[in-house]
Student: 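Have a look at this one before I ask anything.
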Amino acid sequence: SEQRVHEEYQTGSMMTGRRGDGVLLLLLVAVSSFSVAEGCDKGVCHDYGHEPRFDASHRPPSASVLGRATWTMLHTTAAYLPDNLDEAHKAAFKDVIHACATLYPGKGQDLIHHIVNDPIVVKEIEAMKTSDDASLVIWKIHNAVTAFVWPERAPFPDSLGVKAVKFQVGDGSTDQFQLLALNSNLRKQILDAVKARWVLSGGLEVKHWDKRDLLNLPPDRTMLGRAYWTYLHTISVYMPHHPSPTELAAFRSIFNAIYEIFPCPVCRGHFRLFFHDPILQSELAKVSTKHGAILFVWKLHNIVTADGMNRGEWPNRHLFPKEKHLNVSEFLIPSPHSAEDQMRLTPCKKTSSTCFSKKDGFMVIADIQSRWQIEGGVDQPLTDAAPAACDPPRPDQKVLKMDMYVMGKCPWCAESLEHIADTIKCDYTCDYNGKTLNARLQFNVHMVGLNNGTYERPWLRAIHGPSELVGERIELCARQHYAKDYEYIKFMKCMDKNVSTIPIRAPECAAKHGLDLDLLVACANMNGEQLVAGSYGYSSWMGIEITPTFVLNSHKKIVGLPKNFSDEVCSQIELTSTSLAEVSTSADAQPDMQVSEAPLVMSLVAVFFGFTVCLGAPFFVLMTLRRRARGERRSLLRSEP
């Protein structure tokens, strides 16, 4: 289950932009191999193992969620600095800014680095003497980022009447909005708007908001904490496997900054109690890899959680990962016995109450990555929709949205598709409680797998081996070009007759159901990799990593194919609105999580065969993506922030 992380450790490949050797000269000339998936049991195939809560607050953050968390962290930290900054406060705040410019994942890092290293911005940062100065610096950086990403938007606040062009920062141009030249009236106008947006009346210790992460309201203590954890976990999982000295220094500086200037006095006071623990300080100093950074943030988070649990403030929370059944005493720092009881990050030969074996350590790292990291990175559309298969519903017709998450050669996915394929029609009907129900069906298939590269430069790894990846490219191309009336479902059902022969059955299945094989091959060669990368990214962002999984109307999740599947679907039709607009199609929705798991008994026949066959051109495809040597499970981080 930790094999991927182990390979990361060996190769340092994660998120380096390396492109996989899955570039196909001709998809249908392949090395096709199949072996029983060790991760397939009890009616499902495990990509990683432990399922998350099905809502946006427990899924890997998208670019917008991470950006919102980062701005919350920066603005709030600036707003609650002491009125007059001493050298320690100023240095700590500068470290927070430069850490963003050094560690922020994806394209955002280059943009922030470009802005904060503008000669005029550098002078403005160096000139900070007060909390107001710091707030203005972050205000300008925020407007500069907005001007670059959304040049049509007016800078904040709109009442200023300043055009976005004044925040085109990065080349030292003197035409930019300059903080050191502000008159007192304009300075006050900006600061009043910034404080209204980011400063909470009564202070951070007062919990004002009942809902999570309300937009456009000053963050309270809970919202600020979630923003910081989102930022810390996310930058750690997207770090290079072997960070540069500059990156490591930036990473360490964040925690020293938290010690000095974290906006919440209560939280900062607790942090100061444990941060200088000798073992913890030694572990921070020894962080030299991405995995080390991931584990250090993980330990800090568990220390904070353990303290709240021990005080009775969070009685319903648990240490992460829940499946490890960690003891609170392992993370209580300081305590009379913390030197003896404390969980260490250095691996040991055999897992004990104070350390993990290398194997178990890899599993924890994989858990954390799954909670905070999207396959392919944050810089991707995070959509995976096929063209419309059906005409729009009638005004009085209900709508059923059904998403099915599969792996191309998952035997249980094939069995599930076999059971439901004939019901996948635009006009979906079923019998429920003595009534015949009808709905316009919006059905879609998504693939689940790994992307060790980026969305733009994928390094794709299908769970059941290279031939699965070939099949997934072909099937997603069928989805793309034969969506009308769900023609592609018949093709997929044919392919799934024997998953061990995927993709070899493609010519036969295409001919049987009237699909143009040349079109599928051309699509798979030209666009297949991007289609699969998008599907993998979307599935991981949605937290779906056990297959088959069905999601009905974006609310009801069903793992496997239970015997009462039809009743589950019918109940959703009965509950759903008659309006298409009211059916939740947003992945950012936070539905009530309901999970059903199919109690199927596994019965797999081990088959292994490898052969090559020429089906239309004298090209040979060698898939060099390595199979996992062991298992195909990776557990997911699913703890309360």
Student: Below 6.0 angstrom between ring centroids: does that apply to F550 and F565?
Tutor: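 When the ring centroids of F550 and F565 are compared, they turn out to be within the sub-6.0 Å range.
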Student: For residues L531 and C523, determine if any side-chain heavy atom of one lies less than 4.5 Å from a side-chain heavy atom of the other.
Tutor: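 They are in contact (side-chain heavy atoms under 4.5 Å apart), so the answer is yes.
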Student: Are there over 12 heavy-atom neighbours, none belonging to F148, within less than 6.0 Å of that residue's CZ?
Tutor: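 No, the 6.0 Å shell around CZ holds no more than 12 heavy atoms from other groups.
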Student: Using modelled atom types only, decide if a donor and an acceptor are shared between the side chain of R479 and the backbone of V445 within a distance under 3.5 Å.
Tutor: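 Yes; judged by distance alone, with no hydrogens or angles, the pair exists.
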Student: Counting N and O atoms only, with roles assigned by atom type, does the side chain of D516 sit under 3.5 Å from a partner on the main chain of L519, one being a donor and the other an acceptor?
Tutor: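 Yes, because the side chain of D516 sits within donor-acceptor range (under 3.5 Å) of the backbone of L519.
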Student: Can you tell me if R440 uses its side chain to pair, donor with acceptor, with the backbone of D391 under 3.5 Å?
Tutor: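 Yes, the answer is positive, given that a donor and an acceptor are paired below the 3.5 Å cut-off.
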Student: Ignoring hydrogens and angles, tell me if any N or O in the side chain of N451 forms a donor-acceptor pair with the backbone of T454 under 3.5 Å.
Tutor: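 Pair found, side chain donor or acceptor close to backbone of T454.
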Student: So how far is it from D158 CG to R153 CZ, rounded to the nearest 0.5 Å?
Tutor: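 One finds 11.0 Å between CG of D158 and CZ of R153.
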Student: Counting only heavy atoms not in K512, do more than 12 fall under 6.0 Å of its NZ?
Tutor: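 Check fails, neighbour count at 12 or below.
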Student: Testing the basics here: between I374 and P61, what is the closest heavy-atom pair and its distance to 0.1 Å?
Tutor: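 Distance-wise, the nearest heavy atoms are CD1-O, 3.4 Å.
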Student: Show the numbers, then the answer: is there a side-chain contact (heavy atoms from CB on, under 4.5 Å) between L417 and I489?
Tutor: CA-CA 8 Å; L417 188 61; I489 295 297; 4.3 Å; yes
Student: What do the steps show when you test L520 against Y482 for side-chain contact (heavy atoms from CB on, under 4.5 Å), and what is the final call?
Tutor: CA-CA 10 Å; L520 296 182; Y482 293 94; 4.1 Å; yes
Student: About how many Å separate CG of N433 and CD of E574, when rounded to the nearest 0.5 Å?
Tutor: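 Atom-to-atom, E574:CD and N433:CG are 6.0 Å apart.
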Student: If only atom types and distance count, is the side chain of D220 paired as donor or acceptor with the main-chain N or O of T222 below 3.5 Å?
Tutor: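 Indeed, once roles are kept as given, a pair shorter than 3.5 Å links the two residues.
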Student: Give the minimum heavy-atom separation between K398 and N438, together with the two atoms involved.
Tutor: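 Here K398 and N438 meet closest at CB-O, 4.1 Å.
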Student: Distance-only, no hydrogens or angles: does the D485 side chain make a donor-acceptor pair with backbone N or O of E487 under 3.5 Å?
Tutor: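 Checked: no pair found.
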Student: Which heavy-atom pair separates W298 from I368 by the least distance, and what is that distance?
Tutor: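 It is CB-CD1, 3.4 Å.
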Student: Distance-only, no hydrogens or angles: does the E529 side chain make a donor-acceptor pair with backbone N or O of R473 under 3.5 Å?
Tutor: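 No; judged by distance alone, with no hydrogens or angles, the pair does not exist.
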Student: Could you go through L319 and M309, starting from their C-alpha distance and side-chain angles, then the distance that decides it, and tell me whether this counts as side-chain contact (heavy atoms from CB on, under 4.5 Å)?
Tutor: CA-CA 9 Å; L319 299 175; M309 293 170 64; 4.1 Å; yes
Student: If I take atom CD1 from residue I420 and atom CG from residue L561, how far apart are they, to the nearest 0.5 angstrom?
Tutor: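 Rounded to the nearest 0.5 Å, the CD1-CG separation comes out at 7.0 Å.
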Student: Any non-hydrogen side-chain atom of M447 less than 4.5 Å from a side-chain atom of V406?
Tutor: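 A side-chain contact exists here, since the closest heavy-atom pair is under 4.5 Å.
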Student: Determine the minimum heavy-atom distance between C477 and G528, stating which atoms define it.
Tutor: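 Residues C477 and G528, closest heavy atoms: SG-CA, 4.3 Å.
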Student: Within this structure, what is the CD-CH2 distance for the pair E418 and W412, rounded to the nearest 0.5 Å?
Tutor: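 One gets 13.5 Å once the value is rounded to the nearest 0.5 Å.
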Student: Are any of the side-chain nitrogens in E456 or K107 under 4.0 Å away from the carboxylate oxygens of its partner?
Tutor: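 Between K107 and E456 there is a salt bridge, with a charged N closer than 4.0 Å to a carboxylate O.
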Student: Please check if the side chain of D496 supplies one atom and the backbone of V499 the other of a donor-acceptor pair under 3.5 Å.
Tutor: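 Checked: no pair found.
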Student: Would a 4.5 Å heavy-atom cut-off, applied to side chains only, mark V569 and M402 as touching?
Tutor: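 Heavy-atom side-chain distance check passes, below 4.5 Å.
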Student: Looking only at non-hydrogen atoms, find the nearest pair between A385 and N444 and report the distance.
Tutor: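 It is CA-ND2, 3.4 Å.
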Student: Around atom NZ of K493, are there more than 12 heavy atoms of other residues, nucleotides or ligands at under 6.0 Å?
Tutor: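 Check passes, neighbour count above 12.
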Student: Does the pair H142 and F156 meet the rule for a ring-ring contact (aromatic ring centres under 6.0 Å, His included), with working shown?
Tutor: CA-CA 9 Å; H142 196 164; F156 174 86; 8.0 Å; no
Student: Distance check, rounded to the nearest 0.5 Å: Y432 atom OH versus D567 atom CG?
Tutor: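 Atom-to-atom, Y432:OH and D567:CG are 6.5 Å apart.
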Student: Quickly, which of E375, E472, R461 forms a side chain to side chain donor-acceptor pair (under 3.5 Å) with Y536? Name it, please.
Tutor: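 Only match with Y536 under side chain to side chain donor-acceptor pair (under 3.5 Å): E472.
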Student: So R197 and H75, do their side chains get closer than 4.5 Å, heavy atoms only?
Tutor: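 Side-chain contact under 4.5 Å: no.
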Student: Say whether, by atom type as modelled, one donor and one acceptor occur between the side chain of W372 and the main chain of S236 under 3.5 angstrom.
Tutor: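 Not a single qualifying donor-acceptor pair exists.
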Student: I would like to know whether K324 and V364 meet side-chain contact (heavy atoms from CB on, under 4.5 Å); could you show each step before the answer?
Tutor: CA-CA 9 Å; K324 292 291 185 185; V364 171; 4.1 Å; yes
Student: Does E468 use its side chain to pair, donor to acceptor, with the backbone of K409 at less than 3.5 Å?
Tutor: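 Checked: pair present.
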Student: Salt bridge check, D427 against K425: does any charged N sit closer than 4.0 Å to a carboxylate O?
Tutor: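 No salt bridge links K425 with D427.
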Student: Can you confirm whether or not the ring centre of F320 sits under 6.0 Å from the ring centre of H301?
Tutor: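 Ring centroids of F320 and H301 are no less than 6.0 Å from each other.
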Student: Using a 4.5 Å cut-off on heavy atoms from C-beta on, say whether the side chain of L552 contacts that of I558.
Tutor: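 Counting from C-beta outward, I558 and L552 do come under 4.5 Å.
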Student: Find the distance between CH2 (W198) and OG1 (T72) and round it off to the nearest 0.5 Å.
Tutor: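 Answer rounded to 0.5 Å: 4.0 Å.
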Student: Write down the atom of A388, the atom of A483, and the distance for their closest heavy-atom approach.
Tutor: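 Smallest heavy-atom distance, with atoms named: O-CB, 4.4 Å.
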Student: Flag the pair F443 / Y486 as yes when at least one side-chain heavy-atom distance between them is below 4.5 Å, and no otherwise.
Tutor: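 Result yes, sub-4.5 Å side-chain heavy-atom pair found.
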Student: Are any non-hydrogen side-chain atoms of W459 and L450 less than 4.5 angstrom apart?
Tutor: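 Counting from C-beta outward, W459 and L450 never come under 4.5 Å.
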Student: Do Y405 and M542 make a side-chain contact, defined as non-hydrogen atoms from C-beta onward lying under 4.5 Å apart?
Tutor: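 In short, these two side chains touch, coming nearer than 4.5 Å.
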